[in-house]
Amino acid sequence: MAKKAEGKSDQGNYDIGLQGTEKGVVTRFPPEPSGYLHIGHAKAALLNDYFAHKKYQGKLILRFDDTNPTNEKQEFEDSIVKDLELMGIKPDQVTHTSDYFQELYDAAVKMIKSGKAYADNTPQDILRDERMKLIDSKHRNDSIEDNLAHFEEMKAGTEEGTTWFIRAKINMQDPNGAMRDPVIYRCSPQAHHRTGDAWKIYPTYDFACPVVDALEGVTHALRTTEYNDRDAQFQWMLKAMDLRHVYNWNFARMAFVRTFLSKRKLTKVVENGGVWGWDDPRMPTVRGIRRRGMTVPALQEFILSQGPSKSITLMDWTKIWATNKKYIDPIAGRYTAIDTKDKVTVTVTGAPATHTDLKDLHAKNPAVGQKKVVFSKNIILDQTDVASFEEGEEITLMNWGNAIVKSKSTSVVDALKSPLATLSGNAPISSLELELHLQGDVKKTSKKVTWLSTDQELIPVKLYEFDYLLTKDKLEEEDEFEKFLNPTTSTLTECLADCNVADLKEDDIMQFDRKGFFRVDKAFKNGEAAVFFQIPTGKAGK
Ligand code: ATP
Ligand code: MG
Ligand code: MG
């Protein structure tokens with residue numbers, strides 16, 4: 001029975017009916033090094049790690065599936081190793097499919113020699129058509145000698161060789177299309193990022209996967225459910241080559257609204273400059289969501305709470321960010337920021353002489369530390385707050401006390417700029433007088449506002465809020481994704497923040513009172529504004 005310990009990512013207990021686990025469990029995570037890991041890959045990696053290391057005392061292999069030299073790069077390999085480490089995943093072994101190019105070649109030769117594979121040069125479109133109509137290729141029954149000769153041409157990478165490929169001879173009449181003689185080897189003259197020019201032929205995923213799984217002692221090959229149809233083919237390959245048995249086990253692919261989890265599309269936005277790079281906070285990459293403020297325990301908890309379910313649901317981002325909030329709320333220090341352009345200068349009468357108090361950064365968690373709060377008669381407030389004040393009204397200055405609104409005024413310059421607005425009372429307020437009323441009850445006021453004394457070093461900060469990259473919830477297969485790219489995906493607000501913000505470091509997670517949670521992307525240095533990214537909390541669904 002499937003059982004799950006509440007919210008504890010490292011204690012979830014899924015009984016998924018893996019067979020043959022008594023003989024040991026070896027799983028593998030096989031990314032192609034052609035991009036940075038996205039949240040879908042994170043799910044595959046965490047599940048493989050879960051079964052190898054947490055559920056069973058087994059082994060996890062990180063295998064770079066580098067059989068397609070066109071898109072692969074060392075940079076991507078390095079990033080994958082780092083991202084796994086960041087997620088707390090420690091593979092017991094790191095391998096490459098390319099480590100087995102010789103064995104794979106030998107296996108293919110053996111297949112040809114035993115009549116289980118043949119060389120073909122049918123053009124792509126015709127091949128597709130023949131597959132649909134259950135028609136044999138005219139080369140299906142070529143002689144073993146001819147097949148071997150074509151394979152050698154391919155291996156030499158000659159022009160003739162590039163037009164040929166090798167197919168497994170399974171069954172062109174099979175109701176399962178994956179069994180209709182899949183391609184197992186292709187010729188590509190492109191240099192490989194590890195083997196250079198040594199090979200001109202590359203095994204396909206369908207061939208390399210069962211062979212290398214068997215060779216590496218993988219016991220359970222976990223794949224996403226769209227491979228269901230290919231399980232029969234995988235098992236056929238194992239038998240055809242007399243290889244060790246490997247169990248297949250499938251789980252649901254991860255999918256989120258307004259998000260594409262495809263390296264091809266992600267590469268396109270990175271290259272076309274729609275984002276700042278693979279680690280852009282709008283990217284659904286592990287690095288991107290981390291930079292947006294996702295914590296590792298929240299990511300683990302969320303992904304493992306999806307567990308090994310097989311039904312694909314289009315999730316919105318609400319739940320994962322709500323999970324994250326549980327982790328950041330208790331530890332995020334509280335600070336204050338006031339909009340730079342819309343600030344109002346305020347004089348507080350009755351204020352004591354300028355002085356600094358130490359207060360907890362987090363009212364409920366003193367362990368977070370303390371901050372300096374400067375009290376003085378010169379303060380600034382947000383225009384939107386001040387605009388709502390009535391003369392004579394009692395309001396609360398947060399963490400100070402109550403004050404009574406004395407007089408609001410619009411500067412002559414502003415009044416001249418917008419005489420109509422001034423007459424109708426809508427012109428911006430440029431100054432305000434408040435009279436401190438500390439004996440007033442803070443529970444009785446309806447307006448509690450943030451404020452900052454100007455008798456401290458105010459720190460310039462840039463606050464970014466991000467939106468989805470897409471305008472459509474679910475992209476369909478036929479949709480050109482470029483047409484659904486959101487034209488505006490970030491909003492920048494410049495603010496002044498309290499002096500304590502100068503001490504925050506890159507990657508710190510904090511909260512600006514009444515504004516939300518933020519991650520520090522760039523710390524304050526040499527007078528240059530610090531940069532903050534707003535962390536979604538699941539409320540707006542972003
Ligand atoms: P992409 O379409 O992004 O290139 P891929 O499947 O081709 O994805 P791989 O690098 O081959 O990328 O994937 C490594 C592993 O991650 C595979 O086991 C794959 O099934 C799994 N994976 C990829 N995308 C998802 C996803 N959205 N949800 C769950 N697992 C995924
Ligand atoms: Mg792939
Ligand atoms: Mg893919």
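As a basis for the values below, the full set of heavy atoms in this structure was taken, side chains included, without hydrogen atoms, waters or symmetry mates. Numbering of ligands and ligand atoms starts at 1, following listing order.
Below 4.0 Å from some heavy atom of Glu32 lie the following atoms of ligand 1, by number and element: 9 (P), 10 (O), 11 (O). Close contacts of ligand 1 with Ala44, meaning ligand atoms under 4.0 Å from a residue heavy atom, involve 16 (O), 21 (C), 30 (N). Ligand 1 places these atoms under 4.0 Å from at least one heavy atom of His41: 3 (O), 8 (O), 9 (P), 10 (O), 12 (O), 13 (O), 14 (C), 16 (O), 22 (N), 23 (C). Close contacts between ligand 1 and Thr224 involve ligand atoms 20 (O), 29 (C), 30 (N), 31 (C) [criterion: under 4.0 Å to a heavy atom]. Distances below 4.0 Å separate heavy atoms of Pro31 from the following atoms of ligand 1: 10 (O), 14 (C). Each of the following atoms of ligand 1 lies closer than 4.0 Å to a heavy atom of Phe29: 15 (C), 16 (O).
Look at Tyr205 and you'll find every heavy atom at least 4.0 Å from all atoms of ligand 1. Proximity of Arg264 to ligand 1 is not established, as no heavy-atom distance is less than 4.0 Å. Proximity of Leu261 to ligand 1 is established by a heavy-atom distance of less than 4.0 Å.
Backbone and side-chain nitrogen or oxygen atoms of Lys43 are examined, and none is located within less than 3.5 angstrom of a nitrogen or oxygen of ligand 1. Considering backbone and side-chain N/O of Arg223, none are found under 3.5 Å from N/O of ligand 1. For a threshold of 3.5 Å applied to N or O pairs, the pair formed by Met254 and ligand 1 contains at least one separation below that value.
Thr97 and Asp65 share a side-chain donor-acceptor pair at under 3.5 Å.
For the pair Pro284/Phe260, no side-chain contact is recorded, criterion being any heavy-atom separation below 4.5 Å from C-beta on. Within the 4.5 Å cutoff, side-chain heavy atoms of Phe484 are placed close to those of Leu475. The shortest side-chain heavy-atom distance between Tyr205 and Thr67 does not fall under the 4.5 Å cut-off. Using a 4.5 Å heavy-atom threshold, the side chains of Lys138 and Glu130 count as separate.
Distances from atom 2 (O) of ligand 1 to the heavy atoms of Arg63, Arg253, Glu226 put Arg253 nearest.
Seen from the ring of Trp249, Lys310 counts as a face-on cation partner, given the 6.0 Å and 45° thresholds. Both tests pass for Lys155 against the ring of Tyr105: distance under 6.0 Å to the centre and angle within 45° of the axis.
When non-hydrogen atoms are compared, ligand 1 lies under 4.0 Å from the backbone of Pro30 as well as from its side chain.
With respect to Asp136, the side-chain contact (heavy atoms from CB on, under 4.5 Å) criterion is satisfied by exactly one of Gln173, Arg180, Lys169: Gln173.
The pair Arg63-Glu216 counts as a salt bridge, with a side-chain nitrogen and a carboxylate oxygen less than 4.0 angstrom apart.
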